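Okay, so here's the structure we're looking at.
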Amino acid sequence: MPAARIEKCFTDFIESYTNESNIYIGSATYSLYSKFIIESYGLPVENRYSVSEIAQKLKQAGLDKVIVNYLIVRYLDGMYLLAQLQSEEEKFWPE
């Protein structure tokens with residue numbers, strides 16, 4: 001079950017997107033989704049949304065399929081990049 005803090009981030013993002021209908025880089029909506037990704041990464045896996053849960057919630061909110069696909073890819077890419085950065089900080093990668 002997702003932690004309350006990411007539920008709030010996700011709800012805030014959906015509300016912002018619904019009101020503004022954009023997710024351009026630098027927009028408030030973009031920043032809210034970025035915050036959701038960062039907050040999610042900081043939680044144990046069992047306290048995050050699964051990719052299918054994210055997709056379902058985005059579709060339920062009425063987001064276009066293209067936007068849903070973009071947001072899923074952005075989520076996965078963001079999580080991967082954060083994991084890679086953390087691994088480099090912990091010297092996991094061979095030099």
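We count residues from 1, following the sequence as given. Just so you know, these numbers come straight off a predicted model, no measurement behind them.
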Item to check | Y75: partners by ring pair (Phe, Tyr, Trp, His ring centres under 6.0 Å), with sequence neighbours left out | outcome: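 Partners of Y75 by the ring pair (Phe, Tyr, Trp, His ring centres under 6.0 Å) criterion, ordered by chain and then number, come out as F36.
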Return the set of residues passing side chain to side chain contact (heavy atoms under 4.5 Å, CB included) with [X] (not counting sequence neighbours), or none when no residue passes.
X	result
S50	S52, E53
L76	V51, I72
R5	E39, L43
D64	V66, I67

Checklist entry - Please walk me through it: do F10 and I54 pass side chain to side chain contact (heavy atoms under 4.5 Å, CB included)? => result CA-CA 9 Å; F10 197 75; I54 294 170; 4.0 Å; yes
Item to check | Contacts of type side chain to side chain donor-acceptor pair (under 3.5 Å), residue D12, not counting sequence neighbours | outcome: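 Result, side chain to side chain donor-acceptor pair (under 3.5 Å) vs D12: K8.
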Checklist entry - What pairs with Y33 under side chain to side chain donor-acceptor pair (under 3.5 Å), at least two apart in sequence or on another chain? => result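 Applying side chain to side chain donor-acceptor pair (under 3.5 Å) to Y33 gives none.
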Interatomic spacing from [atom1] in [X] to [atom2] in [Y] - rounded to 0.5 Å:
X	Y	atom1	atom2	answer
I6	T11	CD1	OG1	10.0 Å
L81	R74	CG	CZ	11.0 Å
L63	N69	CG	CG	11.0 Å
Y17	L71	OH	CG	7.5 Å

Next on the checklist: To check you understand the geometry: which heavy-atom pair defines the closest contact between R48 and S40, and what is its length?
Outcome noted: NE-O, 2.9 Å
Atom pairs and distances, donor-acceptor, side-chain atoms in residues 18-26, under 3.5 Å, two or more places apart:
| unit_1 | atom_1 | unit_2 | atom_2 | d |
| --- | --- | --- | --- | --- |
| T18 | OG1 | I14 | O | 2.7 |
| N19 | ND2 | E15 | O | 3.2 |
| E20 | OE1 | T29 | OG1 | 3.4 |
| N22 | OD1 | S27 | OG | 3.4 |

Checklist entry - If you look only at pairs with a residue in residues 75-87, which of them pass as a salt bridge (Lys or Arg N to Asp or Glu O under 4.0 Å), with sequence neighbours excluded? => result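 For residues 75-87: none.
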